[in-house]
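As structure tokens, the structure follows; a few thoughts come after it.
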There are 2 protein chains.
Amino acid sequence: MDKQLRMTHQRELILDELRRGKTHPTADELYERIKKKLPRVSLATVYRNLEILSAAGLIKKLEISGRQKRFDWDPDDHDHVYCIQCQRVDNITLAAPVPQVESTHKQGYRITGRRVEFSGLCPKCVRQQEHHQAKGESSMSCPSCSASKLSDTQRQVLQALANTSEACGSKELAAATGLEAKQISCQITALKNKGYVDSPVRCKYAITDQGKQALE
Amino acid sequence: MDKQLRMTHQRELILDELRRGKTHPTADELYERIKKKLPRVSLATVYRNLEILSAAGLIKKLEISGRQKRFDWDPDDHDHVYCIQCQRVDNITLAAPVPQVESTHKQGYRITGRRVEFSGLCPKCVRQQEHHQAKGESSMSCPSCSASKLSDTQRQVLQALANTSEACGSKELAAATGLEAKQISCQITALKNKGYVDSPVRCKYAITDQGKQALE
DNA sequence: CTTGACATGCAAATAATTATCAAATACATT
DNA sequence: AATGTATTTGATAATTATTTGCATGTCAAG
């Protein structure tokens with residue numbers, strides 16, 4: 001009845017790589033590493049095997065907050081911290097065991113599992129944040145952190161602003177770009193959020209240094 | 001500097017519906033409910049507002065194990081249980097506060113958040129499981145639970161089996177379906193897993209009653 | 001040396017969420 | 001009340017992470 005596990009080359013590599021690294025990689029991080037040793041592996045194989053191996057209890061699947069699942073070489077129960085900035089995951093030890101659920105509050109649940117998960121900034125990201133504060137920048141306006149791409153329309157508007165030395169209103173921009181007046185304000189808003197445009201006077205807009213950089 | 005929140009009709013409805021229900025719905029569950037009162041809302045609007053409202057601290061986003069995010073009308077800190085079968089989420093109260101992380105194990109993390117999450121079977125699913133056991137069925141073989149769709153190729157093979165009264169081997173099936181002999185065994189395996197085919201004698205296959213039903 | 005169970009690679013499918021953008025709406029200011 | 005502008009919306013495309021279908025490949029047992 002039981003399915004037997006066959007120890008194929010790729011399965012062995014996956015298990016090996018996971019155990020050797022002693023980190024908590026995502027499926028695709030692991031895939032990148034495996035590919036170096038076995039270039040023809042498929043990402044699907046990595047996913048499939050991580051699933052199979054964790055069902056078999058050889059490894060553990062971590063469903064940490066946020067995005068991708070991560071995998072843990074250590075199938076024994078233990079808790080984790082993750083960095084809300086870089087998504088790194090580490091093990092953590094609590095000062096005392098986690099308390100039980102009050103039986104009066106179980107509400108009829110048959111409880112079988114428990115997960116404790118701390119979050120915060122990892123040492124590297126703490127240092128990075130301190131570096132930003134030292135430079136007097138808010139964490140949002142650091143171009144290397146929040147740089148996002150421009151849409152074609154945004155680029156058009158930004159270009160028009162770059163061409164005028166004076167701050168100008170949305171009507172002038174509409175004329176300059178050939179776009180309808182209505183869409184200008186939408187684009188301006190987006191550009192302001194990105195820090196590429198500011199408004200020195202109400203209803204007048206100008207390109208920022210950051211905005212000029214973004215155009216190149 | 002702060003963006004101000006505008007209280008639009010849809011935003012009000014979302015907040016209202018969430019607070020009134022006192023459950024922990026997913027974005028699309030909420031969307032279905034909202035649609036009854038405001039048929040033209042967009043799913044994107046629901047997602048956007050749930051995100052905005054939780055960023056503003058009016059509600060809370062729950063990133064429970066597994067699949068969809070769920071949303072909680074109560075922004076205060078509290079813990080949850082979820083059902084591993086039906087995904088339902090409820091509040092839960094611990095017998096004592098969660099212990100701190102041992103400072104020697106913080107590994108340089110600056111910890112800002114904590115999440116405790118129990119899992120198990122909710123009362124409804126506990127009852128359902130008991131009902132299955134009473135009928136002597138393994139939870140996997142209950143047709144109403146594991147019914148899965150047939151692919152075109154599988155249907156073809158199954159149809160061929162239905163047309164013969166005797167159990168037959170893969171070569172005969174290949175002839176009957178016009179498929180290559182090689183693919184037959186793959187399909188047979190899949191069909192056996194679904195309980196639509198069995199093998200009364202080694203290397204001979206027959207359709208099961210379940211398989212006949214599946215063809216209709 | 002066949003067979004069948006289990007595996008793999010590739011491509012395509014799926015699920016949940018997020019982004020884009022024109023058009024609509026809300027809100028403060030005339 | 002009218003206006004101008006920022007914010008929000010609806011519709012839809014795009015993205016991200018993961019899973020599935022299927023043909024083919026491999027291994028171990030008979």
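Between the base of dA5(C) and the side chain of Arg6(A) there is a donor-acceptor pair shorter than 3.5 Å.
Contacts with DNA chain D (heavy atom under 4.0 Å) in residues 9-16 of chain B: Gln10(B), Arg11(B), listed by number. DNA chain C lies under 4.0 Å from at least one heavy atom of each of the following residues of residues 25-46 of chain A: Arg40(A), Val41(A), Ser42(A), Ala44(A), Thr45(A).
When rounded to the nearest whole Å, the span between NZ of Lys69(A) and P of dA16(C) equals 11 Å. Rounding to whole angstrom units, CZ of residue Arg48(B) and P of dA24(C) are separated by 15 Å. When rounded to the nearest whole Å, the span between CD of Gln68(B) and C1' of dA15(C) equals 8 Å. Atom pair Tyr47(B):OH and dT20(C):C1' shows a separation of 18 Å (rounding to whole Å applied). The distance between atom CZ of Arg67(A) and atom P of dT15(D), rounded to the nearest whole Å, is 15 Å. Counting to the nearest Å, the P atom of dC27(D) and the CE atom of Met7(A) are 14 Å from each other. If you measure from atom CD of Glu51(A) to atom P of dA17(D), you get 17 Å, rounded to the nearest angstrom.
Between Lys61(B) and Lys69(B) the shortest heavy-atom distance is CD-CD, 3.8 Å. A pairwise comparison of heavy atoms in Ser119(B) and Ile84(B) identifies CB-CG2, 3.9 Å as the closest pair.
Within the 3.5 Å criterion, the main-chain N or O of Leu53(A) finds no donor-acceptor partner in the side chain of Arg11(A).
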Side-chain donor/acceptor pairs under 3.5 Å, residues 27-34 of chain B, sequence neighbours excluded:
| residue | atom | partner | partner atom | Å |
| --- | --- | --- | --- | --- |
| Asp28(B) | OD1 | Thr26(B) | OG1 | 2.9 |
| Asp28(B) | OD1 | Gln68(B) | NE2 | 2.5 |
| Glu29(B) | OE1 | Thr26(B) | N | 3.2 |
| Arg33(B) | NH1 | Glu17(B) | OE2 | 3.4 |
| Arg33(B) | NH2 | Thr23(B) | OG1 | 3.4 |

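Looking at Ile59(B) and Leu15(B), their side chains come closer than 4.5 Å, going by heavy atoms from C-beta outward. With a 4.5 Å cut-off on side-chain heavy atoms, Arg114(B) and Asp79(B) count as touching.
Within the structure, a side-chain polar atom (N or O) of Thr8(A) is placed less than 4.0 Å from OP1 or OP2 of dT8(C).
Among the nucleotides dT18(D), dT18(C), dT8(C), the one closest to any side-chain atom of Asn49(A) is dT8(C).
Scored by the salt bridge (charged side-chain N to carboxylate O under 4.0 Å, His left out) test, Asp76(A) finds no partners at all (sequence neighbours excluded). Residues satisfying the salt bridge (charged side-chain N to carboxylate O under 4.0 Å, His left out) test with Arg67(B), not counting sequence neighbours, are none. Every side chain to side chain contact (heavy atoms under 4.5 Å, CB included) that His78(A) has, sequence neighbours left out, goes to Asp72(A), Asp74(A), His80(A), Asn91(A).
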